[in-house]
Undergrad: 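Take a look at this one; I'll ask things after.
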Amino acid sequence: MLESLIRQAFKAPLEKLGIYEEDLAITLEKPRDRGHGDLSTSVALMLAKRLGRKPRELAGELAAGLELDRDLVESVEIAGPGFINFRFARNYQIERMLAVWSGDALAEIKTGGGKRINVEFISANPTGPLNVVSARAGAFGMTLCRLLDAVGFDAHSEYYVNDAGRQVNLLGASLRAQFLQLRGRQVSVPENGYEGRYVEIMAAELLEQDALAVQAAAKAFDNESFQRVSAPSGNADDWCALPEADSIRSFAKYALMKILAWQRETCKRFGLRFDTWYFESELHETKRVERTLETLRKNDAVFEAEGALWFRSTAYGDEKDRVLIRADGQATYFLADLAYHHHKFQRGFECAIDYWGPDHHGYIQRMQGGMRALGVPAGWLEVEILQHVTFLEEGRPINMSKRKGQFVTMDALIDEVGADVAKFIFLTRKPNSHLEFDLDLAKAQSNENPVYYVQYAHARICSVLSKAGEAGLVLREPTAAALQLLDHEAEWSLMRELIRLPQVIVAAAQAREPHRLTSYVLELAALYHQFYQQCKIVDPEDQRRSESRLMLCQATRRVVATALALIGVDAPERMQEKE
RNA sequence: GCGCCCGUAGCUCAGCUGGAUAGAGCAGUGGACUUCUAAUCCACAGGUCGCAGGUUCGAGUCCUGCCGGGCGUGCCA
């Protein structure tokens, strides 16, 4: 890379001044203002004080001592208080663009060495359909996985299913009550039970199903190898005849199966694919919970008090100690979560990234404390908090509560605005800031919708390319000789943006900020639209110029498509008719 | 009370890890289709980056303290 060449070039002049140090950071950045070149460094400013010299003077001396290939760097200038600005030679930019085109530039950034990284997201309780909050997590998690893969890691997407807790039982009891009501019995839904429409739907469905139908449903479900999930034998009326606890368990088992099937189907519709669905019940059955507890004990991180067993999380910066085993002998969710992440670590991941909802941020301290107590290196577990999404309809926020069944489901969101629009809008904001999602705006297929802006750029290119064919022009693979003919500012602005793709991917992956991709592709689309406006691409009168411009179009198309693929959004060849 | 997140144009938000004159979109005003898709483009207007200190050659960005908003703070899940 040119950056490292420039850094190396500083060695000679710095040594001459007797201030060369091995670990001296020579920061190079892309100036905001084009007038300041393509790369800029402030080393002179930083060193000036230490040396007691005037920054500009020092910058001049450093710049004079730089030996750089004119074919790569066109000019070196001193500017402002003492910046040294570099302007790339056109040949260098062309070379980079060809590398992007050929894929070499994307191969260069695969530096992860195939190390496995676990990315856990959504992990919603299996007690109802997925809601829109999960959609935001899905967009981030899946895109981060693709970004990590793009930089050479082996990302592993994972969904944790809390199937062992009290909530699933409560769901079973709620379903049972609804079913019995339909059978004309006077049974009330338990306190804090689930009352959403989806429970009614399940109950109504059970009314019609005999034992064979139940098994058939289970079989269909098992097709996709969820070995831990199966249907209870018999049908709903048989389950009602069982003692209450067993009866509830049967309904719960059935409900779990149904809901997971919905959740999985919804994820699929949203383009989410999970390598692993990890079931909490497995942790208990394989005694991992006990073993994790043993490790904590061995590491002297637990103590007994008030009849319960506690984790000494205050020793790890938490504000108070936390219960692991309640006085009634039950393990807390915290302990199960520790066991789960302990196992994640043991499974050999380089690091683990979790996306959590905003209501869990108070949980980070104790979780990371727990991991350290288990001997996991600090920083191994990274937690990204996704802030709330407020959905607006007719300018008013929609309130959401899962228990009452009043919430916008992820399916409804996909139905109304489409998966692509939803994903893109989620990824226009950074994860830890609140997001206001205007449903009417997203639905309106208008120019206010950023997704169409980008997709339109792609469709426009496709259209131009096909028009070129009709005009008798030939689409050729980009070559340096042809690209050298480009001389319009709009063409070079576009090219400069095109060659940024690899570094944007690297930065987005490293910072765990997938939203940088949407910013990038929006900017790229804007530059293409400007180029289109200012430059006549298909011009039979000037074939050579047309061919060069068509190469730029092809490269832009490829980069837009690559960026959209990372975001998980379709790159259409033509836009659908506007209504 | 304590902890976390947020506060940037009328509205919704970027701001590339501390750089030079703070940027988009929408809304507003005015322009550009006999032309490769006008779902586009151009121009104008819009700012005390919540407030006050501090660190630094340099702060929207880092630190401290206030103010305002959101969330959390269970032997709940």
Side-chain angles (χ1 to χ4, degrees), chain A residues 27 29-33 35-36 40-42 44-46 48-49 54-55 79-83 85 125 127 162 165-168 170 192 305-310 318-320 322-328 330 332-334 357-365 385 387-388 390 392 428-430 432-438 441 445-457 459-468 470-471 500 503-504 507-508 510-511 513 515-516 518-520 522-523 525-526 528-539 546 549-550 553 574-576 578:
Chain A
T27 56
E29 46 202 71
K30 181 195 158 199
R32 218 192 308 251
D33 187 338
H36 298 140
S40 176
T41 181
S42 54
L45 288 163
M46 292 190 291
K49 190 171 191 188
K54 288 182 182 159
F83 291 100
N85 296 335
N125 277 340
T127 51
N162 284 114
R166 202 182 289 171
Q167 292 303 310
V168 174
L170 190 57
N192 289 326
E306 300 161 52
L309 199 65
W310 300 69
D318 200 1
E319 57 196 76
K320 54 195 279 193
R322 308 289 174 174
V323 172
L324 294 167
I325 305 275
R326 303 197 306 234
D328 65 5
Q330 286 280 313
T332 58
Y333 262 68
F334 176 45
D359 46 338
H360 286 86
H361 71 241
Y363 209 72
I364 299 176
Q365 277 288 328
I385 293 293
Q387 289 297 331
H388 269 300
T390 308
L392 300 178
T428 54
R429 307 283 182 255
K430 57 184 172 223
N432 62 355
S433 73
H434 295 230
L435 170 65
E436 209 159 277
F437 195 116
D438 189 326
L441 206 91
Q445 297 203 345
S446 73
N447 50 0
E448 293 162 42
N449 201 321
V451 190
Y452 297 120
Y453 185 82
V454 176
Q455 290 186 322
Y456 179 53
R460 208 175 210 185
I461 296 171
C462 293
S463 170
V464 168
L465 295 178
S466 83
K467 274 279 158 37
E470 288 167 25
R500 284 185 60 220
Q503 66 206 63
V504 169
Q510 270 172 2
E513 290 185 350
H515 74 285
R516 291 189 192 192
T518 50
S519 307
Y520 170 71
L522 276 165
E523 179 65 27
Y528 181 78
H529 287 311
Q530 285 163 26
F531 159 67
Y532 175 90
Q533 211 75 26
Q534 293 174 40
C535 300
K536 175 88 183 154
I537 301 161
V538 178
D539 182 4
S546 292
R549 287 183 169 168
L550 285 166
C553 288
R574 65 186 54 213
M575 298 304 281
Q576 302 251 307
K578 224 171 138 181

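Being a predicted model, the structure only gives us computed values, none of them experimental. Throughout, a chain's letter reflects where its sequence line sits, starting with A, and its residues are numbered from 1.
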Undergrad: Base, sugar-phosphate or nothing for A:Y520? Non-hydrogen atoms, less than 4.0 Å.
TA: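 The residue A:Y520 makes no contact with any strand.
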
Undergrad: Counting any heavy atom closer than 4.0 Å, what does A:Q455 reach on the DNA or RNA strands: base, sugar-phosphate only, or nothing?
TA: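 Answer is nothing: A:Q455 stays at 4.0 Å or more from every strand.
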
Undergrad: Between B:A27 and B:U48, how far is it from one P atom to the other, in whole Å?
TA: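 That atom pair is separated by 23 Å.
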
Undergrad: Which value, in whole Å, describes the distance between the C1' atoms of nucleotides B:G70 and B:G54?
TA: 28 Å

Undergrad: So, does A:K30 get its side chain near the phosphate of B:C16, meaning an N or O under 4.0 Å from OP1 or OP2?
TA: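 Looking at the OP1 and OP2 atoms of B:C16, neither is under 4.0 Å from any side-chain N or O of A:K30.
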
Undergrad: Quick one: label A:S42 by what it contacts on the DNA or RNA (base, sugar-phosphate, nothing), any heavy atom closer than 4.0 Å.
TA: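 Base contact - A:S42 has a heavy atom under 4.0 Å of at least one base atom.
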
Undergrad: For A:V464 versus A:I537, what's the shortest heavy-atom pair and its separation?
TA: CG1-CG2, 3.9 Å

Undergrad: Picking from B:C75, B:A77, B:G3, which would you name as closest to the side chain of A:Y333?
TA: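 Closest nucleotide among those given: B:A77.
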
Undergrad: Using the C1' atom on both, measure B:G28 against B:C11 and round to a whole Å.
TA: 12 Å

Undergrad: For B:G72, give its Watson-Crick or G-U wobble partner with both distances under 3.5 Å, or none.
TA: B:C2

Undergrad: For A:H360 and B:G72, are the ring centres under 5.5 Å apart with planes inclined under 30°?
TA: no

Undergrad: Could you tell me how far apart A:I364 (CD1) and B:C4 (P) are, to the nearest whole angstrom?
TA: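 Spelled out: CD1 on A:I364 to P on B:C4 is 11 Å.
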
Undergrad: For A:S433 and B:U12, is the shortest distance between a side-chain N/O and OP1 or OP2 below 4.0 Å?
TA: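 A:S433 to B:U12 OP1/OP2: no side-chain N or O under 4.0 Å.
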
Undergrad: For the pair made of CG in A:L522 and C1' in B:U12, what is the distance, rounded to whole Å?
TA: 14 Å

Undergrad: Nearest to the A:Y363 side chain among B:G19, B:A77, B:C36, which nucleotide is it?
TA: B:A77

Undergrad: Grab the CG-C1' distance between A:N432 and B:G7 for me, whole Å please.
TA: 13 Å

Undergrad: Atom CZ of residue position A:R574 - does it have more than 12 heavy atoms of other residues, nucleotides or ligands inside 6.0 Å?
TA: no

Undergrad: Quick test of the criterion, 5.5 Å between centres and less than 30° between planes. Is A:F83 stacked on B:A20 or not?
TA: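 Yes, A:F83 stacks on the base of B:A20, since the ring centres sit under 5.5 Å apart and the planes are within 30°.
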
Undergrad: Expressed in angstrom and rounded to an integer, what is the separation of A:E513 atom CD from B:G15 atom P?
TA: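 Rounding to the nearest Å, CD of A:E513 and P of B:G15 are 7 Å apart.
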
Undergrad: Heavy atoms, side chains only, cut-off 4.5 Å: are A:R500 and A:K30 in contact?
TA: yes

Undergrad: Indicate the atoms forming the closest heavy-atom contact of A:A308 with A:A327, along with that distance.
TA: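 Minimum heavy-atom separation between A:A308 and A:A327: CB-N, 4.0 Å.
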
Undergrad: Write down the partner of B:U21 under the Watson-Crick or G-U wobble criteria, each distance required to be under 3.5 Å.
TA: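 Pair assignment: B:U21 / none.
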
Undergrad: Starting at NE2 of A:H361 and ending at P of B:G72, how long is that distance when rounded to a whole Å?
TA: 8 Å

Undergrad: Which nucleotide, in any strand shown, forms a Watson-Crick or G-U wobble pair with B:G58, with both distances under 3.5 Å?
TA: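 Its partner is none (no Watson-Crick or G-U wobble pair with both distances under 3.5 Å).
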
Undergrad: Paired with B:A14: which nucleotide, if any, by Watson-Crick or G-U wobble criteria at under 3.5 Å for both distances?
TA: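 Across any shown strand, B:A14 pairs with none.
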
Undergrad: Can you see if the side chain of A:R326 gets near the phosphate of B:A77 - specifically, an N or O under 4.0 Å from OP1 or OP2?
TA: yes

Undergrad: Under a 3.5 Å distance rule, please check whether A:R549 uses its side chain to pair with a backbone N or O of A:K536 as donor and acceptor.
TA: yes

Undergrad: Classify the side chain of A:H529 and the base of B:A38 as holding, or not holding, a donor-acceptor pair under 3.5 Å.
TA: no

Undergrad: Is there a side-chain polar atom (N or O) of A:R166 under 4.0 Å from OP1 or OP2 of B:A77?
TA: yes

Undergrad: If I pick the C1' atom on B:G7 and the same atom on B:U61, what distance separates them, to the nearest angstrom?
TA: 14 Å

Undergrad: B:G47 and B:G15: how far apart are their C1' atoms, nearest whole angstrom?
TA: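 B:G47 and B:G15 have their C1' atoms separated by 15 Å.
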
Undergrad: Indicate whether OP1 or OP2 belonging to B:G74 is found under 4.0 Å from a side-chain N or O atom of A:K320.
TA: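 For A:K320, the contact criterion (side-chain N or O under 4.0 Å from OP1 or OP2 of B:G74) is met.
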
Undergrad: Hey, does A:N85 reach any base, or is it just sugar-phosphate, or nothing, if we go heavy atoms under 4.0 Å?
TA: base

Undergrad: So if I take every side-chain heavy atom of A:V538 and compare against B:A20, B:C36, B:C57, which nucleotide ends up nearest?
TA: B:C36

Undergrad: Between A:H361 and A:P358, is there a donor-acceptor pair closer than 3.5 Å when you use the side chain of the first and the backbone of the second?
TA: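 Yes; at least one donor-acceptor contact below 3.5 Å.
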
Undergrad: Looking at A:Y532, I'd like to know whether one of its side-chain N or O atoms comes within less than 4.0 Å of OP1 or OP2 on B:A38.
TA: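 Answer yes for this pair, as a side-chain N or O of A:Y532 is under 4.0 Å from OP1 or OP2.
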
Undergrad: Rounding to an integer number of angstrom, what distance separates B:C67 and B:A52 when you compare their C1' atoms?
TA: 11 Å

Undergrad: Is A:H36 reaching over with its side chain to a backbone N or O of A:A79, donor-acceptor style, under 3.5 angstrom?
TA: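 No, the answer is negative, given that no donor and acceptor are paired below the 3.5 Å cut-off.
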
Undergrad: Quick one: label A:S40 by what it contacts on the DNA or RNA (base, sugar-phosphate, nothing), any heavy atom closer than 4.0 Å.
TA: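 Base contact.
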
Undergrad: Rounding to an integer number of Å, can you tell me how far A:Q533 CD sits from B:A39 P?
TA: 11 Å

Undergrad: Under 4.0 Å from OP1 or OP2 of B:C36: is there any side-chain N or O of A:R460 that close?
TA: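 Result: no.
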
Undergrad: Using whole Å, what does the distance between atom P of nucleotide B:U12 and atom NZ of A:K430 come to?
TA: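 Atom NZ in A:K430 sits about 15 Å away from atom P in B:U12.
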
Undergrad: For a 4.5 angstrom cut-off between non-hydrogen side-chain atoms, does A:Q533 reach A:Q530?
TA: no

Undergrad: In Watson-Crick or G-U wobble terms, both distances under 3.5 Å, what is the partner of B:U34?
TA: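 No nucleotide pairs with B:U34.
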
Undergrad: Measuring from the side chain of A:A327 (C-beta onward, heavy atoms only), which nucleotide among B:C42, B:C75, B:G19 has the closest atom?
TA: B:C75

Undergrad: Using purine N1 to pyrimidine N3 plus N6-O4 or O6-N4 for Watson-Crick, or N1-O2 and O6-N3 for G-U wobble, both under 3.5 Å, which nucleotide pairs with B:G28?
TA: B:C44

Undergrad: On the six-membered ring of A:Y528, is A:R460 placed so that its NZ or CZ lies under 6.0 angstrom from the centre and within 45° of the ring axis?
TA: no

Undergrad: Between B:C49 and B:A14, how far apart are the C1' atoms? Round to whole Å, please.
TA: 13 Å

Undergrad: When you compare B:U8 with B:G69, how far apart are their C1' atoms, in angstrom units rounded to a whole number?
TA: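 Roughly 16 Å separates the two C1' atoms.
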
Undergrad: Return no unless some side-chain N or O of A:Q387 is found under 4.0 Å from OP1 or OP2 of B:G70.
TA: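 No, A:Q387 has no side-chain N/O under 4.0 Å of OP1/OP2 on B:G70.
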
Undergrad: With both distances under 3.5 angstrom, what nucleotide forms a Watson-Crick or G-U wobble pair with B:C51?
TA: B:G65

